[in-house]
Amino acid sequence: MEDKMMFQPKYSIILANVGMCADRYMSGGYSSPYSIDEMFARVASVDGVSGVELVSDWNITAKNVEQIRKNLDEYNLKLVSVIPDHFGEMKWGKGAFTSKDSSIRKQAVEDTRELMDITAELGGNLISLWPGQDGYDYYFQGDYIREHEWFAQGVAECCDYRKDVNISIEYKIKEPRNFSYPSTMAVILLMLGKLGRENSGVTIDYGHAHVAGENVAESVALAKEYGNKLLHVHMNDNYGFWDDDMIAGSIHTIPFIEFFYWLKKTGYSGYISTDQYPYREDGRDAVNETVRWMDIFARLVNRIDDKKMEEIYETGNACEVSAMLRNLMFGEQFCRKGGAE
């Protein structure tokens, strides 16, 4: 009997997810702050998590590399990626890679290169680049062609700096800018195709893609089809109006099952990270819930009969899809006979 391929995701947590969260209404934070040591202990307490992501300046700088190395070793965690803070300091307020000020664009590249060195020194190989302040707010404010070129040029300079560290770009349709660069999977794939760098790729954030109106399973398929460019995944949930960064599985179920099925179908082998900002919940408990839901989604897609699924794809019969999902989630004991099973 042929062995069935099993999908066994690797999980990580963005360190700040288990710390103190603040927003513009509660700028002092919704809880007491935690030290870096305490946050590492909180991440390590979540069963099944083997990696951690760090945000520069928030968690890691050139000055605390040895402390971070000690934390990684103590808790047997892998540095999955470093996220450059190109969004939280005043100097980036009008853009980093697309700032009108060439000295700011140069600094964004230099900072990213330094973080590539730090990442490699700590055993990592990924920069997950979220260009949060790159974009525009008003019509006639942005020179789209020129600013797209600035962005691509900056990414190319980072990719060329060292080939052993990948640059993975996290797209978003809006926030904090009203229009963000890059905005969708299609836009980033066009840019990466023009860029032509082997160590460049895409980070899918479920919430970002969902707010952009994407079916995130199809986004996974597009990344596979156009260069196998999916390098990293961020998990959260939202209602579709805003990037709420809620517990994955708290709102959506079937879309997540299809998302995980296509991660499996396309052979995705990277990490899946929590990316949540649980303002009023305990951060450790909230990310633990996301990991527990991801375990469920992985188990469900491993139970799908791939041969049966291919037969359904041949016909596109929505009733058969409905029956398959109903049995998959609830089992025959909850499902009345006489349907399309």
Side-chain angles (χ1 to χ4, degrees), residues 12-27 29-30 53-56 58 81 83-89 92-93 95-98 128-137 151 168-188 202-220 222-223 230-253 255-256 258-260 263 271-281 283 286-287 289-291 293-294 297:
S12 63
I13 291 172
I14 295 178
L15 192 67
N17 290 176
V18 300
M20 179 194 72
C21 291
D23 60 20
R24 60 179 176 161
Y25 304 104
M26 192 78 72
S27 59
Y30 284 85
E53 286 191 76
L54 305 175
V55 180
S56 70
W58 300 13
S81 88
I83 303 168
D85 178 12
H86 288 155
F87 44 84
E89 294 185 44
W92 310 121
F97 285 89
T98 63
S128 190
L129 183 67
W130 177 53
Q133 300 289 356
D134 285 301
Y136 59 98
D137 300 306
F151 187 84
S168 190
I169 303 165
E170 183 175 349
Y171 63 93
K172 192 174 186 181
I173 195 77
K174 63 178 181 178
E175 194 206 13
R177 305 307 294 261
N178 287 323
F179 296 88
S180 297
Y181 298 141
S183 55
T184 64
M185 176 61 81
V187 169
I188 188 61
V202 183
T203 295
I204 285 181
D205 180 293
Y206 184 89
H208 296 185
H210 182 59
V211 171
E214 295 182 1
N215 172 12
V216 193
E218 184 181 8
S219 303
V220 172
L222 286 171
L230 183 58
L231 299 182
H232 194 43
V233 172
H234 282 166
M235 281 292 283
N236 46 62
D237 213 339
N238 64 54
Y239 290 103
F241 305 107
W242 205 260
D243 183 33
D244 301 308
D245 278 336
M246 299 170 74
I247 296 168
S250 60
I251 301 164
H252 292 96
T253 304
F256 276 133
E258 190 190 25
F259 178 38
F260 270 58
L263 289 174
Y271 270 84
I272 304 178
S273 284
T274 68
D275 187 350
Q276 298 167 232
Y277 288 86
Y279 300 110
R280 298 164 189 84
E281 293 72 41
V287 297
E289 277 302 305
T290 285
V291 174
W293 274 106
M294 290 194 292
F297 298 138

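Residues take their numbers from the sequence shown, with the count starting at 1.
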Euclidean distance, [Y] [atom2] relative to [X] [atom1], rounded to 0.5 Å:
X      : Y      : atom1 : atom2 : answer
Asp205 : Lys172 : CG    : NZ    : 7.5 Å
Glu258 : Leu263 : CD    : CG    : 10.5 Å
Trp293 : Ser250 : CH2   : OG    : 8.5 Å
Ile173 : Phe179 : CD1   : CZ    : 8.5 Å

Please report the closest heavy-atom contact between [X] and [Y], naming both atoms and the distance.
X      : Y      : answer
Gln276 : Asn17  : O-ND2, 2.5 Å
Ile169 : Pro182 : CG2-CG, 3.9 Å
Leu15  : Leu54  : CD2-CD2, 3.7 Å
Ile204 : Leu230 : CG1-CD1, 3.7 Å
Leu129 : Pro131 : O-CD, 3.3 Å
Gly132 : Arg177 : O-CG, 4.0 Å

Heavy-atom check, side chain of [X] versus side chain of [Y], under 4.5 Å:
X      : Y      : value
Trp242 : Lys174 : yes
Trp130 : His86  : no
Tyr30  : Glu281 : no
Pro255 : Asn215 : no

Look at the side chain of [X] and the backbone N and O of [Y], then say whether any donor-acceptor pair between them is shorter than 3.5 Å.
X      : Y      : value
Ser168 : Ser128 : no
Thr98  : Gly95  : no
Asp137 : Asn178 : yes
Thr203 : Val233 : no
Asp134 : Tyr181 : no

Notebook entry, point to check: Parallel, tilted or perpendicular for Trp58 and Phe87, by the 30°/60° rule?
Noted result: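 If you compare the ring of Trp58 with that of Phe87, the planes turn out perpendicular.
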
| query | Do Thr290 and Thr274 get their side chains close enough for a donor-acceptor pair, meaning under 3.5 Å? | reply |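 Side-chain D/A pair, Thr290 to Thr274: absent.
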
| request: Answer yes if the side chains of Asn236 and Asp275 hold a donor-acceptor pair under 3.5 Å, and no otherwise. | output: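 Looking only at side-chain atoms, Asp275 and Asn236 do not form any donor-acceptor pair under 3.5 Å.
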
**Prompt:** Between Phe297 and Phe256, is the gap from one ring center to the other below 6.0 Å?
**Reply:**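 Close enough - the centres of the two rings lie under 6.0 Å apart.
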
Exercise for the section: Go through Thr184 and Glu214 one step at a time and tell me if the side-chain contact (heavy atoms from CB on, under 4.5 Å) criterion holds. Expected result: CA-CA 8 Å; Thr184 64; Glu214 295 182 1; 3.4 Å; yes

More than 12 heavy atoms of other groups within 6.0 Å of Glu89 CD: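 Count over threshold, so yes.
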
| message | So for atom CH2, which belongs to Trp92, do other residues, nucleotides or ligands contribute more than 12 heavy atoms lying within a distance under 6.0 Å? | response |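 Correct, the count exceeds 12.
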
Please tabulate, one pair per line, all N/O donor-acceptor pairs under 3.5 Å involving side-chain atoms of residues 206-213, not counting sequence neighbours.
{"from": "His208", "atom 1": "ND1", "to": "Tyr171", "atom 2": "O", "distance (Å)": "2.9"}
{"from": "His208", "atom 1": "NE2", "to": "Asp243", "atom 2": "OD2", "distance (Å)": "3.3"}
{"from": "His210", "atom 1": "NE2", "to": "His252", "atom 2": "NE2", "distance (Å)": "3.4"}

Glu53 and His234: CA distance, side-chain angles, deciding distance, side-chain contact (heavy atoms from CB on, under 4.5 Å) verdict = CA-CA 11 Å; Glu53 286 191 76; His234 282 166; 2.9 Å; yes

